[in-house]
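Contents: one structure, followed by commentary.
Atoms within each ligand, like the ligands themselves, are counted from 1 in listed order. Model, not experiment: these values are computed from the prediction.
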Amino acid sequence: MAAPSTAAIADARAGLRRARRVVVKLGSAVLCGDGYAPREEAFALHAAAIAAAIADGREVVLVSSGAVGLGRGEAGQPPNDPAPRFGKQALAAIGQPLLMDRWRAAFSAHGLKVAQLLLTHGDLGDRGRFLHARRVTAELLAAGALPIVNENDTIAIEELRFGDNDALAAQVAAAIGADVLVLLTEVDGLYDADPRHEPTARQITALTADDPDALAYTASGGRSDLGTGGMRSKVLAAGKAAAVGIPTVVAHGTRPGVLARVLAGEAEGTLFLPGRSRLSARRKWLATSVRTRGTLHLDAGAARALLLQGRSLLPVGVRRVEGRFGVGDAVRIVGPDGTLLGRGLCRYASEDAAAVAGLRSAAIAERLGWLPARELVHRDDFLPARGASAEAAEEPDA
Ligand code: GLU
C-alpha cells in the first residue's frame, strides 16, 4: 500500500478543522442497545457533539440509521424470532418515528429544531428530485434546522437489500458539497487484520480512498446484526465521497468526544483522503448518485476522442448499445475491449441509440426522420472512470 505522505495527511487534517459543511452518519449499533431499545445516552451524546459543532459555525447534516432496530424493539421482534410478524420494511415504518422522537428530544435540549428527510437512491438518481432534495436541505440549514436523513426503507425494496446508509451518506455529502463525511460506527476504523482475533492487528490511520488494499482489509471488519453496512460499505462510501473530492473519517461512535476530535483534525479512526479534486456539480451527481441503465460500446477512435481529447460522443463512434434506457438516463461507456471509460447521460433513448449506432448525423436524420441531438453523450455530461487511461481506448489485440 502506498501510504499518503505525512504532508498530505496534515493537509487533510487541517481541512477537517476548517470544514464548514459536515455530514455525520450514525450506525444502528451506536443508537440501539439491549433489546433494541434506544440508547438514550448515545442520542444525548451525539446531539451535544453536533450542537457544539453547529455552535462552532459548522453546518451539519445527520444521516441516522436505527429505524429497523428501534422498530424491532417496539414490535418485540428480535431477528431470530421464529414467527416474525413484521418484515424489515414494516419494522422501519414502526421505528422511524421513534428515531425522530429521540432526536427531537435530544436536540431540543440544545435549542435546535430537527427536520426529517427520507430518501431513496432513486430519488437522488433523478436529477429533478435530486435538485429538490438539495434545495430543501440548504433551506433547512440556512434556517437553522438540523436535517436528519434516513433511507426511505419502507418503499425502497431494492435499497433495503443492496443499499445502506453509508452509501446514502456519501451521496448526501456529494449533493450538498460537504467538506467532510464522518461515519460513526462500532469499530475504530480500518484494521489490517481482525482486531478481535489478531492481537497484532494494526489500525490504518490514513490512506487514499482508492487504495486497492482498502477493500482487502474489510474482510476483517466487524459486521453488526443491526446495520446493513459493515466495513466494506464504509470503504465503498469513502470511495464515492473521494470521487467528488470529499475526505471521509470512519471512527468509533460510542467514544465520547469523537466528533469534536475528528473535527479538530486529531488522529481518530481512519481518514480516507480523496485523490480527486473538486468536480462540477453535475459531474459530482454523475459520480455518486446515478444508477446506470445501459452500456455504450465505443470504437477506438471515439474512445480516444472522449477520454483523451475531451470531445463529445457522437453516434458514429458507437458500435453497440446494451440495455433499456430513456433520454437523459445514465449509461456506462466502455472501450473496444470492454474496459470502463466512464459514465454519462445519454441524449437518445436506447432504441434510437441502437438504431443510429455507427451513423453520421445526415444518415441519422434519414433513419429516424429527425435528429434528436448531435451528440449521444455531451462532453459536459461525461465523467471519466477513476484510472481510465489511454490504454482503455486502445483496440484490443486481435
Ligand atoms: N436505514 C436502515 C435503518 O434505519 C439502516 C440501513 C443501514 O444500516 O445502513 O434501520
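The contact set between ligand 1 and Asp164, taken as ligand atoms under 4.0 Å from a residue heavy atom, comprises 9 (O). Below 4.0 Å from some heavy atom of Ser65 lie the following atoms of ligand 1, by number and element: 4 (O), 5 (C), 7 (C), 8 (O).
Between atom CG of residue Asp179 and atom CZ of residue Arg21 there is a gap of 8.5 Å, rounded to the nearest 0.5 Å.
Contact check for Pro256 versus Leu45: side-chain heavy atoms found under the 4.5 Å cut-off.
Between Lys25 and ligand 1, no N or O atom pair is found at a separation short of 3.5 Å. Residue Asn165 has at least one N or O atom closer than 3.5 Å to an N or O atom of ligand 1. For ligand 1, none of its N or O atoms has an N or O atom of Asp166 under 3.5 Å away. Ligand 1 has an N or O atom lying under 3.5 Å from an N or O atom of Val68, backbone or side chain.
Between the side chains of Ser65 and Asn165, at least one donor N or O lies within less than 3.5 Å of an accepting N or O. Between the side chains of His297 and Thr295, no donor-acceptor pair is found at a separation under 3.5 Å.
If you look at Asn150 next to ligand 1, the close heavy atoms, those under 4.0 Å, all belong to the side chain.
The shortest heavy-atom contact between Cys32 and Leu70 is SG-CD2, 3.7 Å.
In the hydrophobic clustering of ILVMFWY residues, with side-chain heavy atoms under 4.5 Å counting as a link, Phe272 and Ile204 come out together.
At a 4.0 Å cut-off, at least one heavy atom of Gly66 sits close enough to ligand 1 to count as contact.
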